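Here is the structure we will look at, set down as structure tokens.
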Amino acid sequence: MSLYYPIPQPTIAANILVRRERRLPVPGQVQVRAGQRVEPSDVIAQSTLASEPVKVYIADDLDVSPAAAAKRLIVSTGQQVEQASVLAQRGGAGSRASRSPVAGTFTGYDPATGVGLITTPAEPVSIHAHLKGIVTDLIPYYGAIIETPATLIRGIFGMGGEQHGVLKVVVTGNDEPITQDVVDAKVTYAIVLGGSEVTADALRRMIELGARGVITGSIRSGELADFLGHEGPGTRDQGPGIRVQEQDTLTPSIRTQAVGVWRMGASTTDSNGWNFPPPNPVMASPVPPDFVMVITEGFGSVPMSPRTFELLAEHDGQEIAIDGATRLRWGLARPEIIIPLARTTAVKWLEESGPELTIGTNVRLLSPDYLGQIAQVVGMPIGPRAAQSGVVAPVADVALPNDRRLRVPIVDLEVLE
């Protein structure tokens, strides 16, 4: 069975009207008006976000009772403190000190528990347009809805948040990999388009040159681990109870963890476009927060779908928007590529229920043996049947470009358009 969860919407939706809600997590001030044209970097709304007070276990630090620690405080409520400032101190033999882990305001001490609180300053939070389009509706105190005619392409796996930039093609075909030697100065501030796989060295070179992101067909698990700063080839620890073998397919749990490494350690922009202050440096990833990767086919060495590559390559030199946010639970989210079109382009609405799977539909295969291959549905048997793999489930008969026919479970199919 497939490791990749299909979605009801088509993978490629050409010439549709894309509507995106840009919303703050807390009330704030909306900076745009209805009918206004916006660019991707324009601020839609902004506010401030108060953080949770930081607890300091002062009595434990001094190794005294909470009541005794209260007598040794050298700061008062409301006083500003710097990071590493001494909050309380015990002198004499075995002297100890309790220091503030952050800069902020000392807001109180609880003599019953021995815990002090440090409140950090409220951080600014803003939301950008992300798309080049028109503001069609306002969400009072929170944000706005932006519309633009565009072509929408969904990927399999992504890392990072939202980014926009000029698309630069660095390969000549959908089956050509991105290697370090094809990455040069022309990728600066650009979103790089490749064909099949991408190497860790090429990714690092893109970051060194200031590229904003990359779109490619696939990436090997070893290259991804190398890029994220894990150990080299072979079996590697990926966290408690998780190990990665040097193979071409990652399990869902490891893919989820890879997303988590990025989301917790690097990205300061979430899937809604909110700009947050930097995360805890202890959890930091070696990958810059503003670099986004979108994988269209999967893990291993899989060429990009010819249709996807041709559609993207047609827009070489045009500004596009990408979102690498990937979630496998609590609301499925797939990375997406949005190519804004001219306002005069004839568009159609994208049905949220998705297209119907019928004879003649072009699909992408998601099973590991045929991952990324494009086929056409030629038969829809009624009721559960035995598939090529032996699994009994609702199936479809598909024909590959070489005229080979397969019977595959419907859950291993993804409608292209």
Side-chain angles (χ1 to χ4, degrees), residues 18 20 39-41 128-132 150-171 174 176-180 182-219 223-224 226-228 258-259 261-263 265-275 285-299 304 308-309 311-327 333-340:
V18 173
R20 289 292 181 266
E39 297 294 325
S41 59
H128 294 82
H130 181 53
L131 299 175
K132 181 177 182 178
T151 290
L152 174 65
I153 299 173
R154 293 184 174 90
I156 284 286
F157 169 78
M159 298 181 67
E162 296 175 337
Q163 189 56 276
H164 62 90
V166 174
L167 184 67
K168 290 292 183 183
V169 183
V170 297
V171 297
N174 69 305
E176 184 179 339
I178 306 178
T179 54
Q180 186 176 5
V182 303
V183 180
D184 54 29
K186 70 180 179 182
V187 307
T188 303
Y189 305 125
I191 295 174
V192 181
L193 175 64
S196 58
E197 60 183 295
V198 61
T199 66
D201 288 338
L203 291 170
R204 283 190 282 266
R205 179 62 174 160
M206 291 179 208
I207 292 172
E208 180 183 334
L209 292 172
R212 295 182 175 180
V214 61
I215 306 167
T216 190
S218 57
I219 186 170
E223 297 293 335
L224 177 60
D226 184 7
F227 178 58
L228 293 175
V259 177
V261 168
W262 179 281
R263 305 293 293 139
S267 182
T268 55
T269 305
D270 87 341
S271 60
N272 290 317
W274 304 333
N275 292 335
S285 162
V287 185
D290 53 355
F291 185 81
V292 180
M293 178 166 60
V294 175
I295 303 298
T296 63
E297 311 303 324
F299 290 91
M304 185 179 294
T308 302
F309 181 80
L311 192 57
L312 287 168
E314 288 175 3
H315 297 277
D316 185 22
Q318 179 179 330
E319 188 171 36
I320 68 170
I322 60 177
D323 185 353
T326 306
R327 290 195 306 271
R334 292 269 290 272
E336 63 181 22
I337 306 160
I338 299 176
I339 309 171

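Because the structure is a prediction, the values reported are computed rather than measured. Sequential numbering from 1 along the given sequence is applied to the chain's residues.
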Scanning both residues in full, the closest heavy-atom pair of G158 with P335 reads N-CG, 3.6 Å

Under 4.5 Å between any side-chain heavy atoms of V183 and V192, yes or no? no

Is there side-chain contact between K186 and V170, with at least one heavy-atom pair below 4.5 Å? yes

Salt bridge (Lys or Arg N to Asp or Glu O under 4.0 Å) assessment of E162 paired with R20: CA-CA 13 Å; E162 296 175 337; R20 289 292 181 266; over 6 Å; no

Side chain to side chain contact (heavy atoms under 4.5 Å, CB included) filter on E314, not counting sequence neighbours, yields L311

Steps toward side-chain contact (heavy atoms from CB on, under 4.5 Å) verdict (F291, V214): CA-CA 8 Å; F291 185 81; V214 61; 3.9 Å; yes

Please check if the side chain of T326 supplies one atom and the backbone of G324 the other of a donor-acceptor pair under 3.5 Å. yes

Taking all atoms of both residues into account, what is the closest heavy-atom pair of M304 and G194, and its distance? CE-O, 3.4 Å

For M159 and L228, the nearest pair of non-hydrogen atoms, with its separation, is CE-CD2, 3.4 Å

In Å and rounded to the nearest 0.5 Å, what is the CZ to CD1 distance from R334 to I295? 12.5 Å

Please determine which of T199, I178, L203 meets the side-chain contact (heavy atoms from CB on, under 4.5 Å) test together with I219. L203

Minimum-distance pair of heavy atoms, taken over all atoms of T188 and L209: OG1-O, 2.9 Å

Considering non-hydrogen atoms only, spot the tightest contact between Q180 and A202 and give its length. N-CB, 3.8 Å

Within the side chain of S196, is there an N or O that forms a donor-acceptor pair under 3.5 Å with the backbone of G217? no

Under the side-chain hydrogen bond (donor to acceptor under 3.5 Å, both in side chains) test, residues paired with Q318 that sit two or more places apart: H315

Could you give the distance from NE2 (H164) to CD (E39), rounded to the nearest 0.5 Å? 9.0 Å

Can you tell me how far the CD1 atom of I320 sits from the CG atom of L193, to the nearest 0.5 Å? 8.0 Å

Donor-acceptor under 3.5 Å (N174 side chain, F309 main chain): no

From CE (M293) to CD1 (I215), nearest 0.5 Å: 12.0 Å

When rounded to the nearest 0.5 angstrom, what distance separates CG in D323 from NE2 in H130? 5.5 Å

Set of residues satisfying side chain to side chain contact (heavy atoms under 4.5 Å, CB included) with respect to A200, sequence neighbours excluded: R204, E223, D226, F227

What distance do L167 atom CG and R212 atom CZ have between them, rounded to the nearest 0.5 Å? 13.0 Å

At their closest point, which heavy atom of V18 faces which heavy atom of A150, and how far apart are they? CG2-CB, 3.9 Å

